[in-house]
Protein chains: 2
Amino acid sequence: MPEEKKISMAVIRRLPRYFRYLHDLIKMDIKRISSRELSERMGITASQIRQDLNCFGGFGQQGYGYNVESLFNEISRILGVDNRFSCIIIGAGNMGTALANYENFRNRGFDIIAIFDVDPRKIGGTVNGIEIMSMDSLEDFVKEHKVDIAMLTVPNTHVTEVAEKVTSLGIKGIWNFSPHELRLGNGAIIENVHLSDSLMVLGYRLRSAGY
Amino acid sequence: MPEEKKISMAVIRRLPRYFRYLHDLIKMDIKRISSRELSERMGITASQIRQDLNCFGGFGQQGYGYNVESLFNEISRILGVDNRFSCIIIGAGNMGTALANYENFRNRGFDIIAIFDVDPRKIGGTVNGIEIMSMDSLEDFVKEHKVDIAMLTVPNTHVTEVAEKVTSLGIKGIWNFSPHELRLGNGAIIENVHLSDSLMVLGYRLRSAGY
DNA sequence: TAGATTGTTAATCGATTAACAATC
DNA sequence: TAGATTGTTAATCGATTAACAATC
């Protein structure tokens, strides 16, 4: 990949936030912004913003600040928003359906091209115009279409098996919605959404705030 | 709250992971575990485990390790799993419906007692046995029932307004599913689930791995 | 030019890891 | 007792913040 130095995960996880804030600035028709102004909006230090951005290049101008539009374009490029990632959803339950209906993903470079399930009553149907296919046809489908990401919204009991299946078919990205930790031998990249972890942290914080 | 010292967020966010792994150990009928064994399973260092646990107390025994069941109980107590949090979902769309159907939350101490929406076609219906009520009745409902947490699955355009509304009614916990950052003046505790951020990070990681 | 603000180096802070005495 | 493993202190590492020279 174009970027040279090793970027820390702490920085990477902040990139989408920059993306969002810059997008908002554009919508507000703001043309330039200094690291100080942005830091006040985002609630982080100006130093951190400058450090973060300079991981990728010098996008600002001394005495001026940053041009909002060009900075937004840089962040977009870094995040690969203009890339197209082909995604499939595995599990057409409530969460899978919610994801299939989430229009935002497409604007971020993620196309959901099929949904897979084992339930014969669901197979053949569509969600948001996307066909629900049988798990039996997964292998053929992946052979015919380049698939970058599998979004796993299957029951916990099956997630390891499904994850092994999809990675064995060459899919490199796993977006895992099960609480299970996936430990895959191959080079798959796994990003977890642990909803109950998040909720439990909220519970902890509420209790320790005394509520 | 009972715990004395200031616990860092880094530690707090690891607690649900300990909880999950210990739960699995119990299911596997494993009675005792050393920090070293647990570190191998979890893929973190034994040092970190011992440091983390000792934020809350000395739960182990030199020369023996940790009793799985009693450690699990301690973590459960710390996370407040036996607490009951009353929750409402605002927004009966796909995500709200998915959350209402997620049975796991109840086992973690979170009871979803009502769903609110503005769509007259949805109001009066139920999801997983939970009634969908009109947003107009929110205020009265909150006055009659103690509500600890509002799970916000409303469109971006309304999330700030809704968040202000629920916190003004005295609800202290916000579980925010919109990409919007909520900045609330009052002492509300906000926990965000930024799905598209997570997906964009996955995209970044895939690209930088060269896939 | 003078003022502003970056890019970048240095200082600080916090979190992780290592080490080991205490002790079961 | 001898061996194992904790609890805890010290060392290291990395991330954040501060400072300031470079420069627009």
Side-chain angles (χ1 to χ4, degrees), chain A residues 3-18 21-22 25 30-75 78 201 204-205 208, chain B residues 3-18 21-22 25 30-75 78 201 204-205 208:
Chain A
E3 277 72 43
E4 333 286 357
K5 9 183 176 150
K6 176 91 176 72
I7 312 291
S8 77
M9 267 310 242
V11 175
I12 294 167
R13 295 203 177 281
R14 276 193 294 270
L15 292 175
R17 270 192 94 217
Y18 290 123
Y21 272 88
L22 289 163
L25 289 174
I30 292 169
K31 300 296 185 196
R32 57 173 271 203
I33 194 151
S34 68
S35 57
R36 190 186 48 75
E37 279 173 86
L38 188 56
S39 79
E40 280 161 14
R41 286 175 185 276
M42 295 183 66
I44 58 180
T45 65
S47 252
Q48 181 162 71
I49 291 173
R50 294 204 299 279
Q51 285 276 25
D52 283 355
L53 297 180
N54 276 89
C55 292
F56 303 98
F59 303 137
Q61 201 171 43
Q62 281 100 328
Y64 174 84
Y66 299 86
N67 176 293
V68 172
E69 195 180 332
S70 80
L71 184 55
F72 176 72
N73 290 338
E74 291 290 355
I75 300 279
I78 292 163
V201 169
Y204 178 92
R205 293 174 61 203
S208 65
Chain B
E3 275 72 43
E4 333 287 356
K5 10 183 177 159
K6 177 91 176 69
I7 311 293
S8 78
M9 267 309 241
V11 174
I12 294 168
R13 294 201 178 281
R14 276 194 293 271
L15 292 176
R17 270 192 92 218
Y18 290 123
Y21 272 88
L22 288 164
L25 289 175
I30 292 171
K31 300 296 184 194
R32 58 174 269 201
I33 194 149
S34 68
S35 56
R36 190 186 49 72
E37 280 173 84
L38 188 56
S39 80
E40 282 162 13
R41 284 174 187 276
M42 295 183 67
I44 58 181
T45 64
S47 253
Q48 181 162 74
I49 292 172
R50 294 204 299 277
Q51 286 276 28
D52 284 355
L53 296 180
N54 276 91
C55 292
F56 303 98
F59 304 138
Q61 200 170 45
Q62 281 101 328
Y64 174 85
Y66 299 86
N67 176 292
V68 172
E69 195 181 331
S70 79
L71 183 56
F72 176 73
N73 290 338
E74 292 288 355
I75 300 280
I78 292 163
V201 168
Y204 178 92
R205 293 174 61 203
S208 64

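Per chain, numbering begins at 1; letters A, B, ... match sequence-line order.
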Self-check item: B:R50 side chain near D:dG7 phosphate (N/O to OP1/OP2, under 4.0 Å)
Solution: no
Quiz item: What heavy-atom pair brings B:S35 and B:I49 nearest, and what distance separates the two atoms?
Solution: O-CD1, 3.7 Å
Exercise. For the residue pair A:F59 and A:I75, establish whether any side-chain heavy-atom pair is separated by less than 4.5 Å.
Key: no
Quiz item: Just how far, in rounded Å, is P of D:dT6 from CD of B:Q61?
Solution: 10 Å
Quiz prompt | Side-chain N or O of B:R32 closer than 4.0 Å to phosphate OP1/OP2 of D:dA4 | solution = no
Practice problem: Check if the side chain of A:S8 and the base of D:dA15 share a donor-acceptor pair of N or O atoms closer than 3.5 Å. | Solution: no
Exercise. Counting Watson-Crick and G-U wobble pairs only, both distances under 3.5 Å, name the nucleotide matched with C:dC13, or none.
Key: D:dG14
Self-check item: Touch class at under 4.0 angstrom, heavy-atom based, for B:S47 against every strand present
Solution: base
Quiz prompt | Pairing partner (Watson-Crick or G-U wobble, both distances under 3.5 angstrom) of C:dG7 | solution = D:dC20
Quiz item: D:dT17 C1' sits how many Å from A:I49 CD1, rounded?
Solution: 13 Å
Quiz item: Atom CD1 of B:I44 to atom C1' of C:dA15: distance rounded to whole Å?
Solution: 13 Å
Quiz prompt | B:Y66 side-chain N/O to D:dA4 phosphate OP1/OP2 under 4.0 Å | solution = no
Quiz item: Between CZ of B:R50 and OG1 of B:T45, what distance do you get to the nearest 0.5 Å?
Solution: 8.5 Å
Self-check item: side-chain N/O B:T45 vs C:dT17 OP1/OP2, d < 4.0 Å
Solution: yes
Quiz item: Taking only N and O in the side chain of A:S35, is any of them less than 4.0 Å away from OP1 or OP2 of C:dT6?
Solution: yes
Exercise. For A:L38 and C:dT6, give me the distance from atom CG to atom C1', rounded to whole Å.
Key: 14 Å
Quiz item: Closest to the B:Q62 side chain: D:dG7, C:dT16, D:dT17?
Solution: D:dG7
Quiz prompt | Polar pair under 3.5 Å, donor/acceptor by atom type, side chain B:Q51, base C:dT17 | solution = yes
Self-check item: Interatomic distance, A:D52 CG vs C:dT8 C1' [rounded to whole Å]
Solution: 14 Å
Quiz item: Taking atom P of D:dC13 as reference, at what distance in whole Å does atom CD of B:Q48 sit?
Solution: 16 Å
Quiz item: Less than 3.5 Å between a donor and an acceptor, one on the side chain of A:E37 and one on the base of C:dT5, is that the case here?
Solution: no
Exercise. State the CG-OH distance between A:L38 and A:Y18, to the nearest 0.5 angstrom.
Key: 7.0 Å
Practice problem: Output yes when a side-chain donor or acceptor of A:R14 lies under 3.5 Å from a complementary backbone atom of A:Q48, and no otherwise. | Solution: no
Quiz prompt | A:M9 CE - D:dT16 P separation (whole Å) | solution = 13 Å
Quiz item: Rounded to the Å, how far apart are B:N54 CG and D:dT9 C1'?
Solution: 12 Å
